[in-house]
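Down below is the structure, laid out as structure tokens.
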Amino acid sequence: MSFSLPAASSNAPEVDALLAALLLMSCAVLALVFGLMFFYVVRYRAGSRIDRGALAERTFRFEISWTAATLAIFFGLFLWGADLYVRLFEPPADALKVYVVGKQWMWKVEHPGGQREIDTLHVPADQPIELVMTSEDVIHDFSVPAFRLKRDVVPGRYETLWFRADRPGTYHLYCDQFCGTDHAHMVGEVVVLSGPDYRKWLSVTPGSETLAAQGQALFIHFGCSGCHGGNGAGSYGGPGGSPPGSTGQAPAPSYSTVRAPPLVGLYGSPVPLSDGSVVIADDRYIRDSILDPGAQIVASYQNVMPSFAGQISEEDLVKLIAYIKSLGAQRADAGQTGG
Amino acid sequence: MSHALDATAGEIEAATVRDNRDNYLTDEWTVWSWLATTDHKRIALLYFASITFFFFLGGAAAALMRFNLLTPTGAIVSPETYNRLFTLHGVVMVWFFLVPAVPVTIGNFVTPLMIGARDLAFPKVNLLSWYLFITGGAITLWALFMGGLDTGWTLYTPLSSAYAKGYVVPVAVGIFISGFSSIATGLNFIVTIHRLRAPGMTWYRMPVFLWSLYSTSVIYVLATPVLAMTLLLLAFETVFRVGVFDPALGGDPILFQHLFWFYSHPAVYIMILPGLGVVSEIIPVFARKRLFGYKFVVWCSVMIAVISFFVWGHHMFVAGTSIYSAIVFSLLSFMVAVPSAIKVFNWIGTLHKGFIHFDAPMIYALGFVGLFTMGGLTGLFLATLAADVPLHDTYFVVAHFHYIMVGGMVSAFFGGLHYWWPKITGRMYPEMWGRVAAAMIFFGFNLTFFPQFILGYLGMPRRYHSYPPEFQVLNVLSSAGSTILAVAYLMPLFYFAWSLLAGARAPANPWGATGLEWQTPSPPPVQNFTSTPVVTEDPYSYPSPEAIQMEQAETGEARPNG
Ligand code: HEM
Ligand SMILES: [Cu+2]
Ligand SMILES: [Cu+2]
């Protein structure tokens with residue numbers, strides 16, 4: 001048994017310092033409350049003949065002073081906690097993205113290089129990692145106590161969590177949000193490897209193809225290429241696959257006349273929408289564009305893209321996004337600006 | 001002042017001890033006279049019986065859970081059973097024990113007595129609310145036992161609406177119905193306190209308990225309808241598959257959490273405000289002193305009730321809400337702790353220069369102050385954003401709310417029960433046993449729940465049927481504490497029963513307390529008072545310590561206990 005917890009991420013010592021401050025404040029208040037209580041009940045017990053003297057008349061002054069003191073301390077703690085919390089939401093730009101999909105009752109992890117793991121996450125030390133997480137069924141929660149971090153994993157959206165692990169080792173991973181029968185077995189481990197060890201791990205772990213390459217196959221399989229062009233370059237016509245199982249609700253467009261935006265260079269760039277607003281094309285936006293294309297329509301395009309909700313699994317979505325993201329990289333390589 | 005009081009008390013004492021045959025208990029003794037009674041005192045007893053049943057049922061589930069957690073792999077039950085147990089425990093303890101507990105029992109009994117009224121404003125509505133309560137309770141229990149439910153008391157979607165295997169809708173219906181009982185009770189108290197105060201009973205002459213009850217009632221009336229709507233939407237989604245909360249149907253699962261906590265956070269204050277009131281009654285009596293800072297204490301109750309409506313988002317700091325909302329909710333959560341802290345300081349101020357007696361109610365009250373303070377302080381850990389991130393949904397949260405709800409509120413309930421027991425039953429409970437039980441509860445409670453703070457920090461998630469072996473020692477400690485706690489909670493059941501049969505007859509005012517309820521015989525007559533009392537003094541108008549000491553010097557002895 002040990003009453004201490006490893007502090008294995010860059011923010012863990014900072015959170016520990018905050019917790020220590022809270023603990024110190026609590027002990028001081030408890031000492032005051034219990035101390036005065038014991039002192040008074042002994043000193044002023046009914047049988048004691050001690051001289052009680054006159055009572056303080058101006059209780060108002062006491063009230064004001066302890067209210068003010070309480071307020072001041074609370075405000076300090078609030079600021080400290082809020083500042084640290086806000087920084088948890090600002091992943092560095094160079095963070096390595098790893099995709100996590102929760103489902104009853106396991107964690108599926110997909111690395112950019114195509115490595116897949118279940119209930120285990122290998123990460124390199126001293127490098128910022130950003131987890132992009134979603135769930136296939138109910139709400140789960142990805143919690144790593146050694147990093148002092150957790151985040152709910154919600155179906156139907158992407159939640160992100162970033163950290164910089166700084167101590168190689170193996171740490172507990174728990175699901176912290178009750179998710180049904182085997183909630184307590186939805187546990188695993190996070191393995192932090194030093195740089196060389198991590199590269200070795202990458203090379204010995206069969207990665208099949210990269211996520212992006214798998215995504216490219218899916219892009220054709222699901223018929224995206226029919227509208228968006230074989231390599232996502234945009235399309236004003238030409239042949240293509242037809243979307244399997246499209247609802248039939250939308251008037252079946254003749255693919256030779258569909259005009260769809262190019263996806264090259266899309267990732268990370270601003271997209272003007274038909275309602276006049278502009279959004280940044282991040283994972284969340286691309287995911288929504290695939291599942292609910294009618295909600296945000298790209299300016300000057302028609303709402304003809306069918307919804308793929310219920311047809312593409314979360315894991316395949318992750319691959320499609322990785323593919324679209326890779327198109328962005330290609331475009332940047334070519335020195336062009338995003339569209 | 002004290003002389004006038006002593007005189008009345010003395011006269012009535014003489015009258016009671018002679019034999020108080022004509023009271024609400026002896027009035028008529030048929031089953032019908034109980035089931036159709038509109039007397040607030042008898043209805044309070046009906047409620048006592050019902051919530052005692054629920055308390056021990058919820059307690060039995062907890063005992064099984066603690067037993068199971070003795071070993072890392074789960075000692076006795078399957079994960080499925082374990083999940084049903086904690087759902088049953090939470091649902092029963094929250095909605096069928098703690099939310100109603102103090103208001104419908106002690107509140108029902110003493111409110112009219114405290115303001116010098118014959119009954120509540122709507123006696124028939126009062127009876128109706130009991131029937132709603134037991135109907136809701138029966139439906140919920142039936143569902144929990146026949147189908148089971150494995151969602152936790154929080155019923156988060158889409159687990160509850162699309163994946164749970166149990167009887168979600170019947171449980172929701174039961175809670176929905178009992179919600180109307182809360183609303184009816186709240187309305188009744190609000191109208192009673194506004195309209196039925198005896199002549200001279202101004203707002204600032206009301207005992208703090210009534211201010212707490214009033215604040216609680218406002219929450220009952222305003223928050224419970226939101227729960228009702230939420231449950232209705234949940235039932236709709238579950239039965240008709242309309243998408244409200246389930247993302248697979250186009251709903252938003254976080255919306256459920258907003259709606260749920262919009263009710264449930266104020267509801268946690270339903271589960272503490274009446275306790276704050278009870279303790280504010282007990283401490284002045286047993287310290288023979290005015291309550292320190294009366295106006296601050298009563299306005300703190302009101303402030304708590306108001307602010308409690310604006311902090312619900314602190315349950316969702318890691319759920320994916322925006323960071324701006326998290327910042328606002330964190331600040332507001334700190335704000336709600338300020339009035340709670342002020343109350344603690346005022347209780348301690350009341351002890352200063354008092355004449356402190358250690359009867360069982362006072363032991364409970366002092367225990368309450370300590371445990372409530374610990375619960376409140378750990379609430380601050382959770383209100384601090386970056387600190388909540390590791391602690392959320394771990395045993396730390398479990399320990400936090402048990403410190404307040406069990407260490408605080410249940411202790412206050414037991415303290416109040418001992419304090420008003422002579423008034424309610426006309427009998428004294430055995431003092432020695434009362435003190436022993438109170439001390440055991442304090443000790444057993446800390447042994448059960450303190451280790452859970454450490455477990456939470458070390459990362460043990462809540463609602464786990466099994467756990468990594470390194471957590472075993474702390475879990476065994478916690479389970480050991482829970483057996484002590486169980487014994488301590490069972491003890492009053494026996495000595496209270498004994499006191500009904502063989503306890504000494506209680507005088508009208510055994511504690512030498514101020515307050516109208518002590519000026520009528522124990523147990524009170526059906527009409528409560530033979531003539532409408534007139535109030536001429538502030539509450540807790542005990543003589544000043546100086547005056548008491550002068551009197552002591554004259555008579556040459558310390559004031560007798562009670
Ligand atoms: C002193 C003021 C208080 C503060 C600042 C406070 C703060 C909090 C916070 C921030 C949480 C969410 C923790 C999390 O889930 O990560 C929480 C949970 C909780 N608190 Fe408090 N709290 C206070 C008083 C109370 C009171 C008076 C009660 C009940 C009588 C209470 C009962 C609860 C319950 C039941 C939960 C957990 C609910 C659940 O997830 O099942 N708290 N508290
Ligand atoms: Cu889970
Ligand atoms: Cu809350």
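Only the backbone of B/Thr151 comes within contact range of chain A, with at least one heavy atom under 4.5 Å from a heavy atom of that chain. When heavy atoms are compared at a cutoff of 4.5 Å, B/Val389 approaches chain A by way of both its backbone and its side chain. For a residue to count as touching a neighbouring chain, one of its non-hydrogen atoms must lie under 4.5 Å from one of that chain's; by this rule B/Thr157 touches chain A with the backbone only. Neither the backbone nor the side chain of B/Met362 comes within less than 4.5 Å of any heavy atom in chain A. With a 4.5 angstrom heavy-atom cutoff, A/Gln177 touches chain B via backbone and side-chain atoms both. Looking at B/Ala341, only its side chain comes within 4.5 Å of chain A, counting heavy atoms on both sides. Using a 4.5 Å cut-off between heavy atoms, B/Phe453 does not touch chain A at all. Using a 4.5 Å cut-off between heavy atoms, B/Pro468 touches chain A through its side chain atoms alone.
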Report, one line per pair, each donor and acceptor closer than 3.5 Å where one atom sits in a side chain of residues 19-47 of chain A; sequence neighbours left out.
unit_1	atom_1	unit_2	atom_2	d
A/Ser26	OG	A/Leu22	O	2.8
A/Tyr40	OH	B/His352	ND1	3.4
A/Arg45	NH1	A/Val42	O	2.6

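No other option in B/Thr394, B/Val344, B/Val369, B/Ile254 has as many heavy-atom pairs under 4.5 Å with chain A as B/Ile254. Chain B forms more heavy-atom pairs under 4.5 Å with one residue of A/Arg157, A/His185, A/His172, A/Glu63 than with any other, namely A/Glu63. No other option in A/Gly156, A/Gly310, A/Ser48, A/Cys175 has as many heavy-atom pairs under 4.5 Å with chain B as A/Cys175. The choice from B/Pro158, B/Ala164, B/Gly74, B/Pro339 that makes the most heavy-atom pairs within less than 4.5 Å of chain A is B/Pro158.
Screening residues 173-185 of chain A for salt bridge (charged side-chain N to carboxylate O under 4.0 Å, His left out) gives A/Lys150-A/Asp176 as the qualifying pairs, with residues at least two apart or on separate chains. Applying the side-chain hydrogen bond (donor to acceptor under 3.5 Å, both in side chains) test to every pair with at least one member in residues 245-257 of chain B, sequence neighbours left out, gives no pairs at all.
Within the model, atoms CD of B/Glu470 and CG of A/Leu5 stand 9.5 Å from one another, a figure rounded to the nearest 0.5 Å. The CZ atom of A/Phe75 lies 6.0 Å from the CG atom of B/Leu331; values are rounded to the nearest 0.5 Å. Residue A/Thr70 holds its OG1 atom at 4.5 Å from CZ of B/Phe345, rounded to the nearest 0.5 Å. For the atom pair A/Arg151 CZ and B/Phe317 CZ, the distance stands at 12.0 Å (nearest 0.5 Å).
Under the 30°/60° scheme for interplanar angles, the aromatic rings of A/Trp66 and B/Phe292 are found to be tilted.
Contact detail for B/Asp150 and A/Phe178: the closest heavy-atom pair is O-CE2, 3.0 Å. The heavy-atom pair separating B/Pro390 from A/Val15 by the smallest distance is CG-CG1, 3.9 Å. Considering every non-hydrogen atom in both A/Pro145 and B/Gly459, the closest pair reads CG-CA, 3.7 Å. For the pair B/Ile327 and A/Ala82, the tightest heavy-atom approach, listed with the atom from each and the gap, is CG1-CB, 4.4 Å. The shortest non-hydrogen separation linking B/Asn83 to A/Gly180 is ND2-O, 3.5 Å. The shortest non-hydrogen separation linking B/Pro253 to A/Val154 is CG-CG1, 3.6 Å.
Each of B/Tyr156, B/Tyr467, B/Tyr464, B/Tyr163 was scored for a ring pair (Phe, Tyr, Trp, His ring centres under 6.0 Å) with A/His183, with one residue passing: B/Tyr464.
Between B/Thr384 and A/Trp80 the shortest side-chain heavy-atom distance does not fall below 4.5 Å. Using a 4.5 Å cut-off on side-chain heavy atoms (C-beta onward), B/Pro461 and A/Ser143 make no contact. Contact check for A/Asp16 versus B/Tyr457: side-chain heavy atoms found under the 4.5 Å cut-off.
Heavy-atom proximity under 4.5 angstrom to chain B picks out A/Leu84, A/Tyr85, A/Val86, A/Leu88, A/Phe89 from residues 83-90 of chain A.
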